[in-house]
Amino acid sequence: MSEVGFRAFCQLVCKCASADQNKKIKVTSSAGTVISTTTIGSSLVVKVIVPPRDKYTVQLLNGSTVVYTTYVVCGFGEYHELDMGLTTATWDGVKRIIDSGLAASYIHNGDRFTVTLSGGEVVYFEANVNTYGLGEVDFIPANCLANTRQHHTSNTNAGGWNASDLRTWLNQTFITSLPSDLQAVISAKPVKATSGSQVNQIVTSNDKIWIPTEKEVFGGITYSGSTENSVNNQYPVFTNAASRVRTQGVNGAAVNVWLASPHVSDSTAFCIVATSGAPYSNGASNSYGVLPCFRIAPAA
């Protein structure tokens, strides 16, 4: 082959995680021709030369089981780096694990993930695996944000979580403080809570950043609407009163924590987790602790 002809070929560089050593990388052309099946060695890098002008399927195999699949389109003489690693050390890796349907194998309830916000604040997030049966992982902070916030600037629960000023701030302002690689993999979650103003009707809000409902924290309802009981599940990190207590920031004192659920028999209050870990409610214009949660779900 001439030097010019060789340069027309493309190189795929597959980067893997340490947990993937001895698994295989398989590359297949659009016509179904297997270009290469290579065992992942100690370098955790597999390099494959492929003909140009084709779309290739690149798979991570554990024995004969396909663990992860991605695709790459090659022109002439192109170089493509593909991150194939199933690892909890990066948010891309976490997303690949979840997309592969392997969340329960790599991630456990209560596993902690450290996130540093753009201003330098550190938040520790605890994993909750498959709580809603979607193969998802929901991440709930082990500590509240350092600064408290109001649910509403006015003392009302009208419109419920869907109309909350806190919801707007979390999804328009707070989210931009997360690392960009984390922002890129977050999925919207349907948050189901009643509509406020003493109306026991569910309103669904699709949010990338959210706070839990009363049922999700306590496993039942005390102040929220009865309709929330059947549409929400309890997160496994909340096992007793002590596990529900949250501090203001990492090293602060215990703080009342806002929940998404309106107090159904009141027109001004939302549910909270009291500093004792017990259910309670209070007026929306109070400033309490905030747990900014997020979800990573399998690709549709």
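- Under the side chain to side chain contact (heavy atoms under 4.5 Å, CB included) criterion, Asn240 pairs with Ala242, Ser243, not counting sequence neighbours.
- Residues forming a ring-ring contact (aromatic ring centres under 6.0 Å, His included) with Trp258 (at least two apart in sequence, or on another chain): His151, Tyr288.
- Of the possible donor and acceptor atoms, one in the side chain of Asn171 sits under 3.5 Å from a partner among the backbone N and O of Lys208.
- When all heavy atoms of Cys14 and Met84 are compared, the closest pair comes out as CB-CG, 3.9 Å.
- The closest side-chain donor-acceptor pair between Ser261 and Glu214, if any, does not fall under 3.5 angstrom.
- The distance between the ring centers of Phe125 and Phe294 falls below 6.0 angstrom.
- The side-chain hydrogen bond (donor to acceptor under 3.5 Å, both in side chains) pairs that include a residue from residues 91-102 are Asp83-Arg96, Lys95-Asp99, where partners are two or more places apart or lie in different chains.
- Between the side chains of Thr90 and Asp181, not a single donor N or O lies within less than 3.5 Å of an accepting N or O.
- Ala163 and His152 make their closest contact through O-CE1, 2.9 Å (heavy atoms, listed as atom of the first residue, atom of the second, distance).
- Side-chain contact annotation: Ser205 with Asp207, donor-acceptor N/O pair under 3.5 Å absent.
- Taking CD from Gln11 and OH from Tyr79, the interatomic distance works out to 6.0 Å, rounded to the nearest 0.5 Å.
- For the pair Ile209 and Trp161, the tightest heavy-atom approach, listed with the atom from each and the gap, is O-CZ2, 4.3 Å.
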Under 3.5 Å donor-acceptor pairs involving side-chain atoms of residues 131-138, not counting sequence neighbours:
unit_1 : atom_1 : unit_2 : atom_2 : d
Tyr132 : OH     : Glu216 : OE2    : 2.6
Tyr132 : OH     : Asn233 : N      : 2.9
Glu136 : OE1    : Leu134 : N      : 2.9
Glu136 : OE2    : Thr131 : N      : 3.0
Glu136 : OE2    : Tyr132 : N      : 2.7
Asp138 : OD1    : Arg295 : NE     : 2.7
Asp138 : OD2    : Tyr235 : OH     : 2.6
Asp138 : OD2    : Arg295 : NH2    : 3.0

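- Tested against Pro292, the residues Phe139, Trp169, Phe174 include a single side-chain contact (heavy atoms from CB on, under 4.5 Å) partner, Phe174.
- Enclosure of atom CG in Asn200 by more than 12 non-hydrogen atoms of other residues, nucleotides or ligands within 6.0 angstrom is indicated.
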Report the C-alpha distance between Leu170 and Trp210 in whole Å, list the side-chain angles of each, state the deciding distance to 0.1 Å, and finish with yes or no for side chain to side chain contact (heavy atoms under 4.5 Å, CB included).
CA-CA 7 Å; Leu170 286 172; Trp210 38 275; over 6 Å; no

As a quick check of understanding, evaluate side chain to side chain contact (heavy atoms under 4.5 Å, CB included) for Thr194 and Thr227, giving each step before the final call.
CA-CA 7 Å; Thr194 56; Thr227 51; 3.4 Å; yes

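- Counting only distance, with no hydrogens or angles, the side chain of Asn232 and the backbone of Asn229 share no donor-acceptor pair below 3.5 Å.
- Val245 and Ala254 get closest at one heavy-atom pair: CG1-CB, 3.8 Å.
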Show me the donor-acceptor pairs within less than 3.5 Å that the side chains of residues 30-52 make with the rest of the protein, sequence neighbours left out.
unit_1 : atom_1 : unit_2 : atom_2 : d
Ser30  : OG     : Asp54  : OD1    : 2.5
Ser36  : OG     : Thr38  : OG1    : 2.8
Thr39  : OG1    : Lys24  : NZ     : 2.8
Ser43  : OG     : Val45  : N      : 3.3
Ser43  : OG     : Val45  : O      : 3.4

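- Across all their heavy atoms, Ala284 and Phe270 have their closest contact at CB-CD1, 3.8 Å.
- In this structure, the side chain of Glu126 does not engage the main chain of Ile140 through any donor-acceptor pair within 3.5 Å.
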Just distance, no hydrogens or angles: give the donor-acceptor pairs under 3.5 Å from side chains in residues 57-69, sequence neighbours left out.
none

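- Ser154 contributes no side-chain N or O that, together with a main-chain N or O of Thr156, makes up a donor-acceptor pair within less than 3.5 Å.
- Pairing each heavy atom of Ala260 with each of Ala193, the nearest pair is O-CB, 3.8 Å.
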